[in-house]
Amino acid sequence: MKQEDRAALFEVKSLSGGYGKVPVLHGIDFQIGENEVVGILGHNGMGKSTLLKTAMGFLPATSGTIRFHGTEITRMAPNERAGLGIGYVPQGRGIFPQLSVRDNLRFAWHDYSGGSEDDVIDAVLEDFPRLVRLLDREGGALSGGEQQLLALARCLMGDPEFLLLDEPTEGIQPSIIEEMSETLLKLRHERGLSILLVEQNFDFISDLSDRVLVLERGRITGALSKADLSDQAKVDQFLGFGAARSTRGSAVPSSSTNTDAPTSALSNPTRMPSDLLSDASQPAVTNMTIKRPTLSQMRTMAERFGMSLTDAELSEYCEIIEPYIQAYDRLDALPDNLPEVRYPRAPGHFPDASDNALNAWYVKTEVKGAMDGPLRGKRIALKDTICLAGVPMMNGSSIMEGYTPEIDATIVTRMLDAGATIAGKAHCENFCLSGGSHTNAKGPIHNPWKRGYMAGGSSGGSAALVAAGEVDMAIAGDQGGSIRIPASNCGVYGMKATHGLVPYSGVMPIEQTIDHVGPVTKTVADNAMLLEILAGEDGLDPRQYKPRTYRYTEALGKGAHGMRIGILKEGFGGPSAESDVDQKVRAAAERFRELGARVDEVSVPEHGLAVDCWTAITVEGLQDHMMHGNSAGTNYRGLFVPSMMDHMAQWRSRPDELSHSLKTCMFLGEYFQERYRGRFYGKAQNLMRKVNEKYAAALKQYDLLLMPTVPMKPQQIPPADCSISLYVQRAFEMIANTAPFNGGLPAMSVPCGLLEGLPIGMMLVGPNYGEMKIYQAAHAFEQSDDWRTM
């Protein structure tokens, strides 16, 4: 049937939208008829997934209209659209890995599904016979292809007449891709389904689609009919290089030859030096799932490397690397080796403003752990950098929005094993690059003591929720003070333990040598108890080097009598210091003297040098590890989360969405890596060892060092339209005392008074694995009086 003869089912007019203030879609116009399949092709980052999210209502339209059966649905919620007959299968599948296949299907049944739960499941399984034998298997135990079939079957539990499919073939073996294609064609014929299909697999999209729209930088730039899809010239005209991958080896089915393709790579696919790999040493490759580099790609790489190679030489290199690429084909065909998810959970919900007064929550959920344990009855919030399987995670950035991890971080499993309940994910700063609380893509996090003021960053949501009493405990992360700064601003206890004591596995990183994760609580006793659960080696984190653990709760109640505490001279009176904050912290030090401790001033002149070292380590390290390395990097053994890496890689096509504070760090890191070849990163690491030796020398004379956590009172949240300079200033102005100890030493913020109605924090720093001393002193101080009246 011709398009003009079909009744309009789904119409999009002048649609624009994106992420917050960042536009992605620009004046999109198209319509889909009844029983029609329309494909959308385009490079990564062109807005394909954003279009489907906006069509389903997960992202708001900033202008334009969407109609379904002639009814405007532009402002309808996703569940309302589903009730009308629109189904959505997201990129990444979104199945619940800890639930069985049967329960995944049951979860998707609705009263509008057209029958009883059992009847609808039976009807869906008739179209997906492969799932019948898997009904009692957990979703996380399925192969990628089986998970995709389950995601599609689950979508059909709602009896939709229009499907939105986002990259269904991504990472799937060709045999299942063919099965999926056959199933969709059958469903279209039998159920009269219409489909909007976002895809990069050319074979799949051309097999299914009546026509294909080309999306480029958020705009429809062309359309290909069914006949056009077999015309090499027309496809090249619209798609150009690299927009589509193939299941069957040739990007476009055509009798003509693609002059850009390295044909020699397939003419002798097993050619390789015999001393490197024999034909019998590896199984034969029957499905080439990895897209081979074209001659243009090889040429571009050679130019980037500064090599002068002819096309003939590049073609020969294509032939040489083909057997090595077959290793990637074999890897692609295998399931990953990821930690088991042990406890059931629901994906939770995004709270509305009335249920999120401080904007501290990202997602609320309730994941219950073991029936008993030391954390039984404790509700815990996770900083939104921490993987919680099946629950969304965005790390404060629109780039990561829409990502759902498939694993639990090590510390999550440990807390659940100890009986905790995970209450949800707490908002944090945009990719954690701020000590303020104003850079999150969903808006600023407010201080629970005074609205409009900084909760501190980057773990502001974690500290604010504990201070407000919405949770009992929280987990925060710290690369330059991000546990201790918000703990200070919100009047709670935040411990950044010795580097590597708490495993970072399954937590989104910045730079391995400064990454820390740890507890935020309302009391010292809770903090010590939680650290007991979190601490210890997990065998997956390269930051850990045989950490020493203790029963930290045994430090409680011992008092401060006889302890030696050094007031760090260089921690006071700096360029950003406020005199009333210094006075408040010195008064707290005097209280230790009253408790029987020896309290003296001590000098470590290298304290300022530590900030300089931290600057070079952070900006160059994050550029390599977090940005170029997609939050994973290489050159270490440990837990990798490929789905997180894939999602993080989107920043390259959406760089304008990055925060001003992150852009600042990127400019610095890239410049010094390129211009000075990383020498200052290396020198900073060398000098940081010297600084730590000086701290260690002071800590041989004293049990602890004492100084303000943050040298200033919590500042006002800057207006949304503030200058870039003020935005960045408010992100980094408070780190003078916290950043030096991301070189490894344990440090804890202890609330010690109020100024102008806002909390002030005192930081206690101990030697490596000196958490017991910190807890002993902090508990004695806490028990001496109510800190709010000091």
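The structure presented is a predicted model; accordingly, all values stated were derived computationally and were not measured.
- By the ring-ring contact (aromatic ring centres under 6.0 Å, His included) test, Tyr671 pairs with no residue at all, sequence neighbours left out.
- Remark: Ser643 engages Tyr403, Glu406 in a side-chain hydrogen bond (donor to acceptor under 3.5 Å, both in side chains) (not counting sequence neighbours).
- Scored by the ring-ring contact (aromatic ring centres under 6.0 Å, His included) test, Phe58 finds Tyr88 as partners (sequence neighbours excluded).
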>> Between Glu670 and His628, does the side-chain hydrogen bond (donor to acceptor under 3.5 Å, both in side chains) criterion hold? Intermediate values first, please.
In response: CA-CA 10 Å; Glu670 189 78 1; His628 293 316; 2.8 Å; yes
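- In summary, the side chains of Glu657 and Ser398 do present a donor paired with an acceptor at a separation below 3.5 Å, with no hydrogens or angles considered.
- Remark: side-chain polar atoms of Thr62 are paired, donor with acceptor, to backbone N or O of Ser16 under 3.5 angstrom.
- Taking the centre and axis of the six-membered ring of Phe96, the NZ or CZ atom of Arg345 falls outside the cone set by 45° and 6.0 Å.
- Listed by chain and residue number, Ser603 satisfy the side-chain hydrogen bond (donor to acceptor under 3.5 Å, both in side chains) test with Glu570 (two or more places apart in sequence, or in another chain).
- Atom CZ in Phe781 sits 4.0 Å away from atom CE in Met790 (nearest 0.5 Å).
- For Thr421, the side-chain hydrogen bond (donor to acceptor under 3.5 Å, both in side chains) test picks out no residue, with sequence neighbours left out.
- Side-chain contact, Asn395 with Ser397: no donor N or O sits under 3.5 Å from an acceptor N or O.
- Ring geometry for His499 versus His516: interplanar angle over 60°, hence perpendicular rather than tilted (30 to 60°).
- Taking Thr385 as the reference, nothing meets the side-chain hydrogen bond (donor to acceptor under 3.5 Å, both in side chains) condition, with sequence neighbours excluded.
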> Between Tyr727 and Thr439, is a side-chain contact (heavy atoms from CB on, under 4.5 Å) present by the stated rule, with each step listed?
Replying inline: CA-CA 8 Å; Tyr727 182 105; Thr439 72; 3.1 Å; yes
